[in-house]
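Reviewing the structure listed below.
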Amino acid sequence: LTATILDMAGIGMDEQKSHWAVDGDPLLDLMAGKSEGWKDEAFGEHNAHGTDRPRAMLRQGPWKLCYNYGDPEEFELYNLDSDPGEFTNLAGDPKHREVQQKLFRRINELWDGEKVDNEVRASQEERLLIREVASEEYVF
């Protein structure tokens with residue numbers, strides 16, 4: 001959304017990337033119905049409150065792979081055409097091994113789970129230190 005809002009404000013992608021770490025694409029063309037040449041891929045990550053480890057998601061075409069970093073690694077694979085409600089996890093099914101491996105390789109191209117995990121843990125340690133110094137009244 002950041003790239004789209006900046007694009008709406010007249011700030012082009014070259015300027016966005018030179019000033020900020022914007023990692024998305026503006027959606028204005030897509031919103032206007034111009035989808036030719038648009039990538040068929042969506043990537044997201046979650047490493048905030050309410051999770052015990054970094055998580056990533058990649059969607060390509062009808063396939064969606066969710067990956068939970070850590071030990072043990074956990075995967076969820078869904079075919080959104082035949083299972084839009086994501087009720088049947090196909091991860092680990094030999095019939096879908098190639099799709100799972102392809103999507104997982106792409107996640108690893110886009111995302112470094114170990115780096116994210118280390119950053120989150122360092123941030124948590126910093127907040128705990130601040131809490132110890134400041135007092136229990138402050139929530140960080």
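All values reported here derive from a predicted model rather than from experimental measurement. Index from 1, following the sequence. Heavy-atom basis, side chains included; hydrogens, waters and symmetry copies ignored.
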Hey, quick one: are [X] and [Y] part of the same hydrophobic cluster, counting side-chain heavy atoms closer than 4.5 Å, chains of contacts allowed?
X	Y	value
Leu28	Leu6	no
Ile5	Ile11	no
Tyr69	Val116	yes

Give me the atom names and distance for the closest heavy-atom approach of Gly113 to Pro54. O-CG, 4.3 Å

Distance-minimising heavy-atom pair for Ile107 and Ala56: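 Looks like CG2-CB, 4.1 Å.
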
Roughly how far, to the nearest 0.5 Å, is the CG atom of Asn118 from the OG atom of Ser123? 12.5 Å

For the CG atom of Asn89 and the CD atom of Glu76, what is their distance to the nearest 0.5 Å? 5.5 Å

Within the 4.5 Å heavy-atom criterion, are [X] and [Y] side-chain neighbours or not?
X	Y	value
Thr4	Met8	yes
Thr88	Tyr78	no
Met57	Phe43	no
Gln60	Asp40	no

Using the rule given for side-chain contact (heavy atoms from CB on, under 4.5 Å), can you reason through Trp63 versus Leu90, listing the C-alpha separation, both sets of side-chain angles and the distance that settles it, and then say yes or no? CA-CA 10 Å; Trp63 295 101; Leu90 302 171; 3.8 Å; yes

For atom CD of Glu109, is the number of surrounding heavy atoms from other residues, nucleotides or ligands below 6.0 Å larger than 12?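 Check passes, neighbour count above 12.
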
Around atom CD of Glu86, are there more than 12 heavy atoms of other residues, nucleotides or ligands at under 6.0 Å? yes

Output all residues satisfying side-chain contact (heavy atoms from CB on, under 4.5 Å) with Gln100, sequence neighbours left out; order by chain, then residue number.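 Only Leu65, Phe75, Leu77, Ala91 meet the side-chain contact (heavy atoms from CB on, under 4.5 Å) criterion with Gln100.
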
Can you list the residues that meet the side-chain contact (heavy atoms from CB on, under 4.5 Å) rule with Leu30, with sequence neighbours excluded?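 Expected list: Leu27, Ser35, Trp38.
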
For Asn108, does its backbone N or O pair with a side-chain atom of Asp112 as donor and acceptor, under 3.5 Å? no

Looking at Asp83, is its backbone amide N or carbonyl O close enough to the side chain of Asn79 to form a donor-acceptor pair, meaning the two atoms are under 3.5 Å apart?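 No.
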
Do the charged groups of Asp117 and Arg121 touch, with an N to O distance under 4.0 Å? yes

Answer yes or no: is there an ion pair linking Glu74 with Arg53, defined by an N-O contact shorter than 4.0 Å?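 Yes, charged N to carboxylate O under 4.0 Å.
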
Which one of Arg59, Lys64, Arg106 satisfies the salt bridge (Lys or Arg N to Asp or Glu O under 4.0 Å) criterion with Glu41? Arg106

